[in-house]
Amino acid sequence: MPDLRPVNELTSDDAKLEMASLVDTVTKANAAYYQNDAPDLSDADYDAAKRRLTELEVAFPDLKHTDTPTETVGAAPSEGFGKVKHSIAMLSLGNAFDDEDVVGFVTSIRKYLGMADEAPLKFTAEPKIDGLSLSLRYENGDLISAATRGDGSVGENVTANAHTISDIPNRIENAPELLEVRGEVYMSHVDFAELNARQAESGAKVFSNPRNAAAGSLRQLDPNVTRDRPLRFFAYAWGSLSAPLADTQMKAIERLASFGFSTNPLTKVCETPDALISHYRDIEQKRASLGYD
């Protein structure tokens, strides 16, 4: 983004104009990313625009748009798919831009839980995979529905497509009667390169990056197209369930692995802000060699 004037130097009229422009920019970017699988704004520019809009909304709350994209998740489901209402909303992640933000996050959790500063507090830390969020609903061990995040409340029904992904079990054993598994559909770098080579050879669309390829492949109206695409899935969380998976996040992830789901091996338990930041630095160093975005 270009150099911007400090928020405290803006007049109400200045802020109103800039906020209108940013709302338009972020809203269009959300549609391009979540609905069209063709983002036209870099991640850094998107984050900067959304962060600036948030700052303006805090400074000028009377100018805040009722439909501001800072309070929405994803984008509305495509009309081409059936709709699935999430029993528990699929929310988006908050961002930390520096070490102080991580420390502040830990402090806020302690405050929320009413914990003393010296009381032990454990976190799980893991890579954020650049793919498409997916919710899988199992009843009595059988996969009965799969839905994208959509706008967080209502997603797209992609059940037939999910059945074609080898990383997603169609049946699991010894699971709660109701279990909603949440995770990320993605494409590895090697598979992405091979897919694009096949696409180019046949004169079909070539994808710009693995995330777009994964999202576009999962959100196909014809599941046979999805079947031919090399999609993968990491399970990392859950939504509705009839009985707890475990008494800690880490043990719950290990139980998801016992059902046959792929879970990320870089998931780690950390007990301090310094440990969280250290694990972030470690993943940062390994990032180029992980084989996925």
Side-chain angles (χ1 to χ4, degrees), residues 32-39 74-86 90 127 129-150 154-173 175 179-239 256-264 290-293:
Y33 186 90
Y34 294 106
Q35 290 181 320
N36 304 327
D37 304 320
S78 168
E79 292 301 320
F81 294 91
K83 307 298 186 292
V84 175
K85 182 174 176 56
H86 300 302
M90 294 186 73
I129 311 304
D130 193 15
L132 186 72
S133 297
L134 186 67
S135 174
L136 306 168
R137 184 181 178 91
Y138 289 83
E139 294 183 5
N140 298 312
D142 291 321
L143 175 62
I144 65 162
S145 71
T148 63
R149 183 169 63 179
V154 178
E156 298 159 339
N157 188 333
V158 292
T159 307
N161 303 39
H163 278 298
T164 72
I165 300 174
S166 60
D167 278 354
I168 295 177
N170 289 323
R171 177 165 179 79
I172 55 180
E173 302 292 340
L179 172 61
E180 182 188 346
V181 178
R182 292 181 172 180
E184 197 86 356
V185 174
Y186 71 101
M187 193 174 291
S188 74
H189 292 164
V190 170
D191 288 341
F192 170 69
E194 292 178 351
L195 172 62
N196 262 356
R198 293 198 303 272
Q199 294 287 103
E201 186 176 348
S202 65
K205 174 186 176 181
V206 174
F207 296 98
S208 59
N209 58 59
R211 190 271 168 193
N212 289 4
S217 298
L218 179 66
R219 299 172 69 245
Q220 288 287 327
L221 297 179
D222 181 358
N224 289 316
V225 176
T226 304
R227 188 186 306 277
D228 290 336
R229 303 285 175 81
L231 295 178
R232 304 188 183 198
F233 180 79
F234 273 131
Y236 58 71
W238 58 92
L256 289 176
S258 76
F259 297 147
F261 291 98
S262 295
T263 58
N264 197 291
L290 291 179
Y292 52 81
D293 286 348

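- Listed here is the closest heavy atom pair of Asp167 and Phe261: O-CD2, 4.3 Å.
- With hydrogens and angles ignored, the 3.5 Å screen pairs a side-chain donor or acceptor of Asn196 with a backbone N or O of Phe207.
- The two atoms that bring Asp293 and Pro210 nearest to each other are OD2-CD, 3.4 Å, heavy atoms only.
- By the 4.5 Å heavy-atom criterion applied to side chains, Phe259 and Leu179 are counted as neighbours.
- Under 4.0 Å is where a charged nitrogen must lie from a carboxylate oxygen, and between Arg198 and Asp228 no such pair does.
- Remark: Leu132 CG to Arg149 CZ distance equals 8.5 Å, nearest 0.5 Å.
- Side-chain contact between Ser133 and Tyr236 is present, with at least one heavy-atom pair separated by less than 4.5 Å.
- Atom CD1 of Ile144 and atom CG of Leu136 lie 11.0 Å apart (nearest 0.5 Å).
- Between Tyr186 and Phe234, the ring-plane angle classifies as parallel under the 30° and 60° cut-offs.
- Nearest heavy-atom pair, Pro223 versus Thr164, reported as atom, atom and distance to 0.1 Å: O-CG2, 3.8 Å.
- The line from CE of Met187 to CG of Leu231 is 5.0 Å long, rounded to the nearest 0.5 Å.
- Taking both residues in full, the closest heavy atoms of Arg219 and Thr148 are given as CG-CG2, 4.4 Å, listed atom of the first, atom of the second, then distance.
- At distances below 3.5 Å, not a single donor-acceptor pair connects side-chain atoms of Tyr292 with backbone N or O atoms of Gly131.
- Looking at Gln220 and Thr226, their side chains never bring a donor and an acceptor atom within 3.5 Å of each other.
- Rounded to the nearest 0.5 angstrom, Glu194 CD and His189 NE2 are separated by 13.5 Å.
- Contact between Lys205 and Gln199 at its shortest, heavy atoms only, is O-NE2, 2.7 Å.
- Within the 4.5 Å cutoff, side-chain heavy atoms of Leu221 are placed close to those of Phe81.
- Note that OG1 of Thr159 and CG of Leu143 are 7.0 Å apart. Values are rounded to the nearest 0.5 Å.
- Residues Val181 and Ala235 approach most closely at CG1-CB, 3.8 Å, considering heavy atoms.
- For the atom pair OG (Ser262) and CZ (Arg232), the distance works out to 8.5 Å, reported to the nearest 0.5 Å.
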